[in-house]
Amino acid sequence: MKNSYTEENYLKAIYKLQELQASEVSTNDISKEMNTKAASVTDMLKRLSEKELINYQKYQGVSLTDSGTKVAVNIIRKHRLWETFLVNKLKFKWDEVHDIAEQMEHVESDELIEKLNDYLGAPQYDPHGDPIPSKKGVFTNKKMEVLYDMPIGFVGNISGVSEHSATFLKHLEKIGVGLGVLVTVEDKNEYDNSFWIRIEKNEPLFISKEVAKNLLVFNK
Ligand SMILES: [Zn+2]
């Protein structure tokens, strides 16, 4: 049974919302995430429910069924493998690849995706530091933490970002913060919760609370 691009995008959105919140996902949450009217969301939810991809009852929360989860995780796998390919092999910048991967994630051929995975050396993380699920849908569980929560004196590596907007990624590039670089927390400013960090052995760098909250690190 083939799913349309829109259906796949809904499943992906519901998956993302389920990850973010402990409670059940509401029609309202989905309509915000998908940027569409609640009425069109309801229509789509009925369709997905008929295909047994989601559990949905009117006026109640929405959750993915096992087969819905499988579809969503597979799209995420394809998305993240394509992003890795675009950055590592085609030399796109990490802020340029998301929109392209949004198109490529809908490719149907499993054979292509498995060959892509082998070609890339079965990577565990995409260029934003997000884990790439295996073919069986298993995510690696090395835990990332938020830079903002780290104490003064912390030393680790930038492992990802929790905001994927191009403006944020361009900003990081401008201030010289990239994936994998060594970061030290030099000082925190109590007044506005901004940070002084050091990237590799460079001069100390001032970053706002916002930036610190959107940077993920691996604890050494
Ligand atoms: Zn992306």
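Since the model is a prediction, treat every value here as computed from it, not as a measurement. Note that the numbering runs from 1 along the sequence shown for the chain. Order of appearance sets the numbers: ligands from 1, and atoms from 1 within every ligand.
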Handout entry: For the Zn ion (ligand 1): the N/O/S atom of His98 at shortest distance
Key =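 Going by distance to the Zn ion (ligand 1), the closest N, O or S atom in His98 is ND1.
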Handout entry: Glu83 atom (N/O/S) at minimal separation from the Zn ion (ligand 1)
Key =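 This turns out to be OE2.
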Practice task
Please state whether the separation between the Zn ion (ligand 1) and some N/O/S atom of Glu102 is under 2.8 Å?
Solution key: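 Checking Glu102: none of its N, O or S atoms is under 2.8 Å.
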Practice task
Give a yes or no on whether His79 keeps an N, O or S atom under 2.8 Å from the Zn ion (ligand 1).
Solution key: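 So His79 counts as coordinating the Zn ion (ligand 1), yes.
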Problem - Other residues, nucleotides, ligands: >12 heavy atoms within 6.0 Å of Lys16 NZ - result: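 Not more than 12 within 6.0 Å, no.
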Practice task
State plainly whether the residues Lys46 and Glu50 are in salt-bridge range, i.e. N to O under 4.0 Å.
Solution key: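 Judged by the 4.0 Å cut-off on N to carboxylate O distance, Lys46 and Glu50 do not form a salt bridge.
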Exercise for the section: Could you tell me how the ring of Phe218 sits relative to the ring of Tyr125: parallel (under 30°), tilted (30 to 60°) or perpendicular (over 60°)? Expected result: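 Taking Tyr125 first and then Phe218, their aromatic rings stand perpendicular (interplane angle over 60°).
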Practice task
Apply side chain to side chain contact (heavy atoms under 4.5 Å, CB included) to Tyr10 and Thr36, showing your working.
Solution key: CA-CA 11 Å; Tyr10 267 83; Thr36 37; 3.5 Å; yes
